[in-house]
Amino acid sequence: MANDLFNSFMSGPDEQGRFGIFGGRFVSETLMPLILSLEEEYDKAKDDPSFWAEMDDLWANYVGRPSPLYYAERLTEHLGGAKIYLKRDELNHTGAHKINNVLGQIILARRMGKTRIIAETGAGQHGVATATVCAKFGLKCVVYMGAHDVQRQSPNVFRMRLLGAEVIPVTSGRGTLKDAMNDALRDWVTNVRDTFYCIGTVAGPHPYPAMVRDFQSIIGKEAKEQMMKAEGRLPDTLIAAIGGGSNAMGLFYPFLDDKDVNIIGVEAGGKGVNEKMEHCASLTGGRPGVLHGNRTYLLQDDDGQILEGYSISAGLDYPGIGPEHSWLHEIGRAQYVSITDKEALEAFQLCCATEGIIPALEPSHALAHVMKIAPELPKDHLICMNMCGRGDKDVQTVAKYLDFDMSDTEGRAAD
Amino acid sequence: MTRIDAKFAALKSQGKKAFVSYIMAGDPDFDTSLEVVKGLPGAGVDVIELGLPFTDPMADGPTIQLAGQRALDAGMTLDRTLELARRFRETDDTTPIVLMGYYNPIYNRGVDQFLSDAKAAGIDGLIVVDLPPEEDDELCIPAQEAGLNFIRLATPTTDDKRLPRVLQNTSGFVYYVSITGITGAAEAQATDVGPEVARIKSATDLPVIVGFGINTPEKSRAIATVADGAVVGSAIVSQIGAGKPVRDVLDFVKSLSDGAHSV
């Protein structure tokens, strides 16, 4: 019995904020007291029923949880193998899983008396979710977004501004998500007294990876109950896309100790995982390093300088990954694979055509892997895939890649 | 005793305050940077902080970010940075060099290998911004065992409860960060800094040097009045960034060091 407890995959992180060698608190001294006080407050909130009561209420009435677990019947028939379920987190308010975590952090910020919220964003989904919850609670919100991303995700920029957030285009470094995170950290170091940094993924210094995972775990908890109800047993395989890895960690975590459940994370393979490094597959194509407060797998050159990732999906375009994924990868509890832009685009279209669901490009990567493995699996094999975001934000990008003229009113279909 | 310890002992016996300067190794290129470094002792610099370029300098403002970018674009690496220190040591065996940067390039090299390379290159101490006391086992302890000083930053958010932890494994000197913020941003006020330095000095015998937000000879003097010395970085780096001739850069450094030494 005691032995079973020690072997749990769900006991991390340790007191140092480590998952094995990954994680930790690699921040400047100025921030250290802040993350220690955040850890203390989070530990208190975690054990406080009133905190979770507030979360549950907002999840139900503001976000629209629980999200459905949907049997994708035509997709299943089309692929001709495993039975495919989609966890519909794209139906959440703001269109993605991001808000699950933002609500938790903002409620915590309010408990800590913080009045100014900062966030980084890549595709803009975390920025939109943060701006949304800040508007709801009347908090000042500042979002850092790479100048390059501001251009390619302009509808989300406008959305954030409508919601009252200040969007700051980041031109430092190369102007991408990692630079946005650098500038958010620089802001935090400067405005230590009143500011709360709302990180959008399961990365950063302890306690962020664990805290964000806990908030996102609502996905896996619901999926577990819903699958039991639908099929009377647990799924055989879980599949989710990974940039930083918060939707995946949220789905995976409640199943980590269910050893018969096969867990697969799908990284962005961009133009292919090779020496040209035009991808964001940190686990498949990177090695351990230290960035943004944690030790984890990173895309880096021989000298330890961080490389820019590349992916068609701005939400996966980050050169690192949450430390718990690095640990699950090293101990072999989860398997990590990569999917190219091209494969993701094919999955995107198949999902539109067979299920009437326009998926975001991020879960399209997960779906592409489902397409690879489902045909080879028996019909009683249950796959649960996290449909973590909807694709409205991506239609322009997809149109461009498919060479589809959006001004063409003659109705030519994309093929 | 490291060169850092020896230097502060000598300054103390002369009743002098320390002037510490920061430049980014390899900015704008290796040769220019080496020329600047070689000229620093003559410009009154007591301790040289040599920046190790990194793609993601989270605690630095635009001036030092751009300097790192210039250095990396010019092909600067960890090895070339240590080579620069080694070349300096050919002409100067007493001025201490503190390597200042972020952990990843060091971790990537491997801590043991890095420490032996750094020692061989004539580096005396390390300031690694993203290694707080909570991560002392990573590099701080091994560095001290290898005979290098590990210099810790204390900040306005380091309260009395936390201060002993910050000081515990620090050696060489304590670097007090005068503001909450990034390098080169706000201006330090001697009136705010004085009581903080006194607070730290009451908890340690190490010299307390103050940096961040010091950009003129007057500020350098004002800070040196309330501390054991002053550090200037961004103000010097911006001169290099503006393409000023090395001679002019060193004249500016001399004016800053005169400020600190006039106390």
Which portion of B/Asp60 sits near chain A, non-hydrogen atoms under 4.5 angstrom
backbone
Mind checking which of residues 13-22 of chain A sit less than 4.5 Å from chain B, heavy atom to heavy atom?
A/Gln16, A/Arg18, A/Ile21
Are the side chain of B/Glu135 and the backbone N or O of A/Arg25 linked by a donor-acceptor pair below 3.5 Å?
yes
Could you check if a side-chain atom of A/Leu36 sits within less than 4.5 angstrom of a side-chain atom of B/Arg162, using non-hydrogen atoms only?
yes
Let me confirm one number: the CZ-OH distance from A/Arg295 to B/Tyr103, rounded to the nearest 0.5 Å.
5.5 Å
Looking at CG of A/Asp303 and OG1 of B/Thr81, how far apart are the two atoms once the value is rounded to the nearest 0.5 Å?
8.0 Å
Side chain to side chain, B/Asn108 and A/Arg287, heavy atoms closer than 4.5 Å:
yes
Pick one of side chain, backbone, both or neither for A/Pro288, based on which atoms fall under 4.5 Å of a heavy atom in chain B.
both
Side chain to side chain, A/Glu29 and B/Pro133, heavy atoms closer than 4.5 Å
yes
Residue A/Leu307 versus chain B: region with a heavy atom under 4.5 Å
neither
Examine whether an atom of B/Gln65 lies under 4.5 Å from a heavy atom of chain A, and if so say whether it belongs to the side chain, the backbone or both; otherwise answer neither.
side chain
Heavy atoms only, distances under 4.5 angstrom: which of A/Arg193, A/Lys178, A/Gln305 has the most pairs with chain B? Name it, please.
A/Gln305
Quick one: does B/Asp56's side chain have a donor or acceptor within less than 3.5 Å of a partner on A/His292's backbone?
no
Do B/Glu138 and A/Phe26 have side chains that get closer than 4.5 Å, going by heavy atoms?
yes
Does A/Val27 offer a backbone N or O that forms a donor-acceptor pair with the side chain of B/Asp130 under 3.5 Å?
no
Donor-acceptor check, side chain of B/Thr157 to backbone of A/Thr30, threshold 3.5 angstrom: yes or no?
yes
I'd like to know whether CG of A/Asp302 has more than 12 heavy-atom contacts from other residues, nucleotides or ligands below 6.0 angstrom.
no
Report which part of B/Phe54 has an atom under 4.5 Å of a heavy atom belonging to chain A: side chain, backbone, both, or neither.
both
Euclidean distance, B/Ile182 CD1 relative to A/Leu185 CG, rounded to 0.5 Å:
11.0 Å
Okay, A/Ile306 and chain B: the region with an atom under 4.5 Å from a heavy atom over there is both
Closest heavy-atom contact between A/Arg186 and B/Pro57?
NH2-O, 2.7 Å
Reported OG1-to-CG distance for the pair B/Thr155 and A/Leu31, which is rounded to 0.5 angstrom
8.5 Å
Measure the CD-OG1 distance between A/Glu308 and B/Thr55 for me, rounded to the nearest 0.5 Å.
8.5 Å
Chain A interface, residue from B/Ala185, B/Pro105, B/Pro156 that has the most non-hydrogen pairs under 4.5 Å
B/Pro105
Against chain A, label B/Val166 side chain, backbone, both or neither, depending on which of its atoms sit under 4.5 Å from a heavy atom there.
side chain
Contact part of B/Leu72 toward chain A, heavy-atom cut-off under 4.5 Å: side chain, backbone, both or neither?
side chain
Quick check: do A/Met181 and B/Met58 have side-chain heavy atoms less than 4.5 Å from each other?
no
Below 4.5 Å from any heavy atom of chain B, which atoms of A/Asp187 appear? Answer side chain, backbone, both or neither.
neither
I'd like to verify something: which residue of B/Pro53, B/Gly61, B/Gly181, B/Pro62 has the highest number of heavy-atom pairs under 4.5 Å with chain A?
B/Gly181
